[in-house]
Amino acid sequence: MHEYTSTARVWGLTCPGFPEEVSRARRWTRDILCGSPLAEDAELIVSELSANAILHTASGRESGSFHLALAVSSQVVALSVTDDGGAGTAPKVEHRDQEAEHGRGLGMVSAIAHRVVVHDSDGGHTVTAELFTDMHPGGHPC
């Protein structure tokens, strides 16, 4: 690869807004990142973001869905979850007490990821977490 270019591979998955789809999202992420040292962190991030979409937005309502995007390059693994909106406010990172029962998810994601970005997206919100690496993810056979 030329030092000034980066070829990212991008995958996408749309899931119905059912709680059992969170495990599907984790498995999908694990399969794509098989052999990467970032696979476990990425799996945890996707799990948290997918669960948040189902629990806190219209994605978890009847006929709701959420969309995952995973981009992998030699420099970064970017994981995005787009919800169906309807939450009233944008997701935000809050650092809560460890005893809190709710509201710690994005704080945990921001502690794992190198960068977390939230932006509006077609009536909903997209949360993107980035994990930076110098290693090429997915380079080992499963």
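Everything numeric in this text was worked out from a predicted model, so none of it was measured.
- Looking at heavy atoms from C-beta onward, His125 lies out of side-chain contact with Thr57 at the 4.5 angstrom threshold.
- Side-chain contact between Asp83 and Ile54: absent, with no pair of heavy atoms (C-beta onward) separated by less than 4.5 Å.
- Here the CZ-OG distance, from Arg115 to Ser110, works out to 13.5 Å after rounding to the nearest 0.5 Å.
- Side-chain atoms of Leu131 and Thr133, non-hydrogen and from C-beta on, never get closer than 4.5 Å to each other.
- How far CG of Leu68 is from CD of Glu21: 9.5 Å, rounded to the nearest 0.5 Å.
- Side-chain contact check for Val46 versus Leu70: every heavy-atom pair is 4.5 Å or farther apart.
- Side-chain atoms of Ser59 do not come within 3.5 Å of backbone N or O of Gly64 as any donor-acceptor pair.
- Between Val72 and Trp11 the shortest side-chain heavy-atom distance falls below 4.5 Å.
- The distance from the CG atom of Leu44 to the OG1 atom of Thr29 is 11.0 Å, given to the nearest 0.5 Å.
- Asp84 CG to Ser63 OG: the interatomic distance, rounded to the nearest 0.5 Å, is 8.0 Å.
- The side-chain heavy atoms of Val116 and Ile45, taken from C-beta on, include no pair separated by under 4.5 Å.
- To the nearest 0.5 Å, atoms CZ (Arg26) and CD (Glu43) are separated by 6.5 Å.
- We find the OG-CG distance between Ser36 and Asp41 to be 9.0 Å, quoted to the nearest 0.5 Å.
- The side-chain heavy atoms of Asp31 and Arg27, taken from C-beta on, include a pair separated by under 4.5 Å.
- Side-chain contact between Thr128 and His119: present, with at least one pair of heavy atoms (C-beta onward) separated by less than 4.5 Å.
- Residues Pro16 and Phe66 approach most closely at O-CE2, 3.6 Å, considering heavy atoms.
- Remark: Glu62 CD is loosely packed, at most 12 non-hydrogen atoms of other residues, nucleotides or ligands lying under 6.0 Å away.
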Practice problem: Could you walk me through whether Arg24 and Leu13 pass the side-chain contact (heavy atoms from CB on, under 4.5 Å) test, one step at a time? | Solution: CA-CA 10 Å; Arg24 178 178 173 210; Leu13 176 69; 3.4 Å; yes
